[in-house]
Amino acid sequence: MKKQTLENIAGWIFIAPVVILMVVFIIGPAIFSFGLSFKDYNLLKPDQSTWVLFENYKELISDPNFYQALFNTLKYSIVVVPVQTFIALCLATVANQKIRGKTFFRVAYYIPAVTSAVASASMFMFLFNTNGIANKFLGLFGFKAVSWFTDPTYALPLAMIMAIWSTVGTQMLVFLAGLQDIPSDVYEAAAIDGATGMQQFKSITIPMLSEKTMFVVVVGMIGTLQMFDQAFIISGGTGGPLGSTTTVVLYLYNKAFGENRLGYGSAVAVCLFIIIFTLTLLQKYYFEERPKRLERKVV
Amino acid sequence: MKLKKLLSLVLLGSMVVSLAGCGSDEETSGETPEKVSITVATYSDPFEVDIVTGQAEAYMAQNPDVEIIIEPISGDFWEVLKTRMVANDEPDVFYMDIFQASQFIDAGKLAPLDDAMTEEDIADFEPSLLNGFRGEDGVLYGIPKDFSTLALYYNKAMFEEAGLNPPTTWDELTKVSQALTKDGVVGLSLQNGIDRAQPFFYSNGGSMMKDGKPTLNDPKNIEAYEYWIGLIKDGYAQTPQQLGVGWDGDAFASEMVAMTIEGNWMVNSMIELAPDLEYGVVPIPQKEQPASMQFTVAYSLSNNTEHPDIAKDVIKFLTSAEQQQVVADAGRSMPSRNTALEEFKAKWPERTVFADLAPVASEFNYGVISSTVVDETARAMEKVLLDDSVTVKQAFDQAQANIDKALAQQ
């Protein structure tokens, strides 16, 4: 055998565990679910399933509840992604300074990321109930106490707060790694040229972090578009109050496992996949092409 | 040297003995037939698991050739059960909630249990408890293990202070709630959902099911819900969420409300939440007729089990008069057999009211699309509560249309 072939075989053997896991638990089910989306498939009566081709999709595009779910999810994503990226960047910058006890801060910011969703949910229930600490604190500034869990205006913002609180730590870690990759001589050179701290941050830190930012934004967007836990916890699985916390994934979960309509749920999942895939491609184009365009301009 | 030899001899000897021990073990296990294992899936609540574990041990002591494996399912029990059924990997025996039963019966996932019960056995169960587990053809697919009903809890001190008696009619309930709503206390805590409001529908002569179809927008139901929501909108009643607590029990235990409508499970919660609070329990105030609501859990048998006869015997044992006694003694849910229920009443006299409500308790069961009915009803009730421009009739008609649509898709 050629050396090249041998190396290829060795390579496949090395990545086999991951490939097998991916195929069995991610790619396989995804393909299966894609097939299900063209079927009328009752979870409890798999033997009576029939091919209905595009019926599920036809129903989907005229389903007002799906649009509400989609709207809620996009609203959630549009708020959460920029805010969590910004906060994560700020925290990373702070945690990267030479200050006393920085290890403590790094750990403290990261703890929410490893806290179980159920534990953080009970904490939020305690903090945000009508007589809770959050309302008391806001009351100091003259805000009226609101019912976070039952008022349709505040339930989704509460989900946003929970999500930001729990994901900022992970993203901070990514930014922190990025910050430590930036060579210090760039900053030294800038300092010699008389650049202020703010200028350095704008012209060195942010551009040199762009890859990390791309990663954080893309992962954040995918994560928020697939939001489920917070909505499930806040509404007890119903997506209430008044459907204000019904996200796409919660909607498909209720259709597939509540109403046993696995085919319809799969159609929702495929739509969500198409949306996420398109948005990710757009972002990739934006982040990869923009520097090139800028370079061309400079030349 | 000598010592070493001696030591090694002793060691060698002990090894031979233990080897021999192994050998004899193998021989005996070879003689007895292989054990049959039956898996019983329960909720993950430790209180339940303890009861069933004790019962399983009793069964295994009598039937040494059967091994019962208790499998508490945490998370969403029904989601897990459904997905495992798709994979043909479900437990042999599992809990079956009256609310979920119809869809499993309809899909043919449960085995008939009629031959596990004699006429005498059947007569020992309240018919309304068995009905929810019967298919359209009358075949029995679940044997109730316990049940709970709803009643009105009231705070004795608050009633005495105001010189009031517990209400028995809707008019009295309005008056009493109004009188007790003062000094930061609200008259009544009402969880705004079908699983608390339904007794009002039935008391008003309404119903949730006709000819096997959900009938949420029955005019009598609408009228009853208008009364219910009126109490809340007038401020004499509040939902636990409006009060800023998790559930009725918290509101009642912390004396934010003078009354609430809850099930017998709250008696146990009160022991933990407020052991010194003096309260009484009376039937839910009525309009035309007395009404309550029952939540029943049964044991069902998988249609897919390898050992149907043994599994059936396990269910028979778990729901036998003797084992129902264990449920009665535990005191949280009520035993489903009348004989054991009498014992329950004798042992827990203050909980008699719940047991006596069984004959007038409507089922928490709306056919194959139960979960859609509950969700749609919850949405409609929420809409009426939060949006003053929506009438009960509009909301219920809309929900009924969605329910009918979902039913057509089954």
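By convention in this document, chain letters (A, B, ...) are assigned in the order of the sequence lines, proteins followed by strands, and residues within each chain are numbered from 1.
- Looking at I369(B), neither its backbone nor its side chain comes within 4.5 Å of chain A, counting heavy atoms on both sides.
- Heavy atoms of L243(B) lying under 4.5 Å from chain A belong exclusively to its backbone.
- Interface remark: F232(A) contributes no atoms to any contact with chain B (heavy atom separation under 4.5 Å).
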Could you go through the side-chain contact (heavy atoms from CB on, under 4.5 Å) check for N129(A) and V245(B) one step at a time? CA-CA 7 Å; N129(A) 77 44; V245(B) 294; over 6 Å; no

Show your working on side-chain contact (heavy atoms from CB on, under 4.5 Å) between F257(A) and D76(B) and close with a plain yes or no. CA-CA 10 Å; F257(A) 296 106; D76(B) 187 339; 5.8 Å; no

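- For the pair V86(B)/Y41(A), a side-chain contact is recorded, criterion being any heavy-atom separation below 4.5 Å from C-beta on.
- Closest heavy-atom contact between P241(A) and L386(B): CB-CD1, 4.1 Å.
- Around atom CZ of F38(A), more than 12 heavy atoms belonging to other residues, nucleotides or ligands sit under 6.0 Å away.
- Proximity to chain A (any heavy atom under 4.5 Å) is shown, for K383(B), by both the backbone and the side chain.
- Interface remark: of the candidates T238(A), L43(A), N254(A), L43(A) forms the most heavy-atom pairs closer than 4.5 Å to chain B.
- For Q103(B), the parts sitting under 4.5 Å from any heavy atom of chain A are the backbone and the side chain alike.
- No more than 12 heavy-atom neighbours from other residues, nucleotides or ligands sit within 6.0 angstrom of NZ on K213(B).
- Between chain B and the residues N260(A), L262(A), N42(A), the largest count of heavy-atom pairs under 4.5 Å involves N260(A).
- The only member of V368(B), D375(B), T372(B) that meets side chain to side chain contact (heavy atoms under 4.5 Å, CB included) when paired with E259(A) is T372(B).
- Looking at D106(B), the atoms closer than 4.5 Å to chain A (heavy atoms on both sides) sit in the backbone and in the side chain alike.
- Of all heavy-atom pairs spanning S371(B) and G258(A), the tightest one is OG-O, 3.0 Å.
- Listed options Q241(B), R379(B), Q100(B), E79(B) were ranked by heavy-atom pairs under 4.5 angstrom with chain A; first place goes to E79(B).
- Note that the OG atom of S244(A) and the CD atom of E382(B) stand 7.5 Å from one another [nearest 0.5 Å].
- Looking at Y253(A), only its side chain comes within 4.5 Å of chain B, counting heavy atoms on both sides.
- The number of heavy atoms from other shown groups lying within 6.0 Å of CZ (F47(B)) is above 12.
- The number of heavy atoms from other shown groups lying within 6.0 Å of OH (Y67(A)) is above 12.
- Within 6.0 Å of NZ on K393(B) lie no more than 12 heavy atoms contributed by other residues, nucleotides or ligands.
- Residue F149(A) does not touch chain B at all, counting heavy-atom pairs closer than 4.5 Å.
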